[in-house]
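Take a look at the structure set out below.
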Number of protein chains: 2
Amino acid sequence: MTNSQEAFSRYLAEKNLKMTPQRRVILDTLQKQDEHLSSEELYALVKRHDPSIGQATVYRTLKLLNEAGIVEPLDFADGVTRYESSYGREHHDHLICEACGRNIEIMDEVIERRQEELAEEHGFTLLRHKMYLYGLCPDCRGKK
Amino acid sequence: MTNSQEAFSRYLAEKNLKMTPQRRVILDTLQKQDEHLSSEELYALVKRHDPSIGQATVYRTLKLLNEAGIVEPLDFADGVTRYESSYGREHHDHLICEACGRNIEIMDEVIERRQEELAEEHGFTLLRHKMYLYGLCPDCRGKK
DNA sequence: GTAATTGCAAATTATTTGCATTGCC
DNA sequence: GGCAATGCAAATAATTTGCAATTAC
């Protein structure tokens with residue numbers, strides 16, 4: 001069993017919720033992909049494993065996984081929420097090509113530190129942040 | 001007539017589109033508010049001026065205004081897209097209180113510069129970015 | 001055993017679209 | 001006058017919810 005499965009079980013136990021085969025399959029499937037999946041894409045993959053699982057269960061499980069801190073919702077600018085497995089991973093942000101959708105994970109200490117400072121300057125306690133950089137990747141820049 | 005109204009007229013003319021009383025009222029109303037309004041909130045205000053205006057026109061006009069570079073869609077994490085008038089304003093980001101929704105505009109040169117550098121390091125041409133900092137404001141921190 | 005979970009279908013929410021009519025340029 | 005814009009209602013899309021049946025602990 002992977003770490004995130006254990007973490008999920010632990011989270012569920014804490015909240016007096018139950019581990020189910022559906023939840024297991026959904027988390028498992030999300031983790032095997034390293035693409036960022038929408039709920040619908042995930043649903044399609046999950047169904048190959050167990051066609052009886054319903055879309056609503058996928059939505060409900062993603063919400064739980066998010067509350068448990070195991071997956072993160074991502075908002076590229078295309079109207080669909082995608083998810084990535086974040087358990088045990090460093091925080092990172094995303095650099096997205098507007099032409100081809102290609103998507104690079106980035107992380108910068110300087111920015112992270114300034115974010116903290118900015119929040120503090122306004123008396124805020126920083127809980128989390130989202131940063132997306134949108135541009136054109138080397139391959140797409142030429143074509144424009 | 002304000003600058004952004006002129007800019008909108010210019011944009012419309014360029015594209016062989018037309019200025020209409022509805023579009024004028026919608027832009028005007030959005031500008032008078034300095035709150036960030038959702039399409040629905042904007043619709044409610046617009047209707048006070050002219051009850052015959054339809055919700056679809058508000059959506060259509062917001063889309064146009066965005067294409068014209070006059071308003072920006074904002075995505076706080078509550079599922080509703082809000083808009084702010086951006087014409088002639090400096091770019092800025094947002095610091096949002098998760099408890100009360102309070103929302104402070106921020107701008108930091110250090111971060112902006114690092115964003116450019118990061119994009120370049122990956123061979124990207126940076127077109128735009130979104131950054132949201134979520135936390136607790138001074139008033140709400142105590143209450144938690 | 002019992003409260004949580006599931007799958008299904010219906011409900012919601014936010015947004016878009018088709019179309020007949022109206023109105024700007 | 002002609003093409004674009006409007007209002008309305010119906011259509012879509014993404015997500016949520018009510019509920020009876022099922023299942024984990």
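Chain A is the first sequence line, chain B the second, and so forth, proteins listed ahead of strands; every chain is numbered from 1.
Side-chain proximity of B/Ala56 to the nucleotides D/dC25, D/dC8, C/dC25 is greatest for D/dC8. In this structure, the nucleotide among D/dG7, C/dC24, C/dA14 sitting nearest to the side chain of B/Pro21 is C/dC24. Out of C/dA14, C/dG23, C/dA3, the shortest distance to the side chain of B/Lys18 is found at C/dG23.
Applying the 4.0 Å criterion to OP1 and OP2 of C/dT6, one finds that A/Arg23 has a side-chain N or O inside that range. Here B/Thr20 reaches the OP1 or OP2 of D/dT6: one of its side-chain N or O atoms lies under 4.0 Å away. Residue A/Thr81 places at least one side-chain N or O under 4.0 Å from the OP1 or OP2 atom of D/dT15. For A/Arg60, no side-chain nitrogen or oxygen approaches OP1 or OP2 of C/dT5 to under 4.0 Å. The phosphate of D/dG7 has OP1 or OP2 within less than 4.0 Å of a side-chain N or O from B/Gln22. At C/dG7, one or more side-chain N or O atoms of A/Thr57 fall inside 4.0 Å of OP1 or OP2 (strictly under the cut-off).
A residue-by-residue look at A/Tyr59 and B/Leu64 shows that B/Leu64 has its nearest nucleotide of DNA chain D further toward the 5' end. Each of B/Tyr43 and B/Leu12 was assigned the nucleotide of DNA chain D with the nearest heavy atom; the assignment lying further toward the 5' end belongs to B/Leu12. Both B/Met19 and B/Val80 lie near DNA chain C, and the one whose nearest nucleotide falls closer to the 5' end is B/Val80.
The structure places CG of B/Leu45 at 9.5 Å from CG of B/Leu30, a figure rounded to the nearest 0.5 Å.
As rounded to whole Å, 6 Å separates atom P of C/dT15 from atom OH of B/Tyr83. Separating the CZ atom of A/Arg82 from the P atom of D/dA14 is a distance of 10 Å, rounded to the nearest angstrom. The nearest whole Å value for the distance from the CD atom in A/Glu40 to the C1' atom in D/dT12 is 12 Å. The distance from atom NZ of B/Lys47 to atom P of D/dC8 is 8 Å, rounded to the nearest whole Å. At whole-Å resolution of the value, CG in B/Asn66 and P in C/dT16 are 11 Å apart. Rounded to a whole Å, the CD atom of B/Glu67 is 15 Å from the C1' atom of D/dA4. In this structure, A/Gln55 atom CD and C/dA9 atom P are separated by 13 Å, rounded to whole Å. Taking atom NZ on B/Lys63 and atom C1' on D/dA5, their separation rounds to 15 Å, with Å as the unit.
At least one side-chain heavy atom of B/Phe8 sits less than 4.5 Å from a side-chain heavy atom of B/Leu64.
For the residue pair B/Lys47 and B/Tyr43, a side-chain donor N or O sits within less than 3.5 Å of a side-chain acceptor on the partner.
Residues B/Glu41 and B/Arg82 are paired through a salt bridge, judged by an N-O separation under 4.0 Å between the basic side chain and the carboxylate. Ion pairing between A/Arg113 and A/Glu116 fails under the 4.0 Å rule for side-chain N and carboxylate O.
B/Ser38 comes within 4.0 angstrom of nothing in the nucleic acid, heavy atoms only.
Using cut-offs of 30° and 60° on the angle between ring planes, the pair B/His92 and B/His94 is perpendicular.
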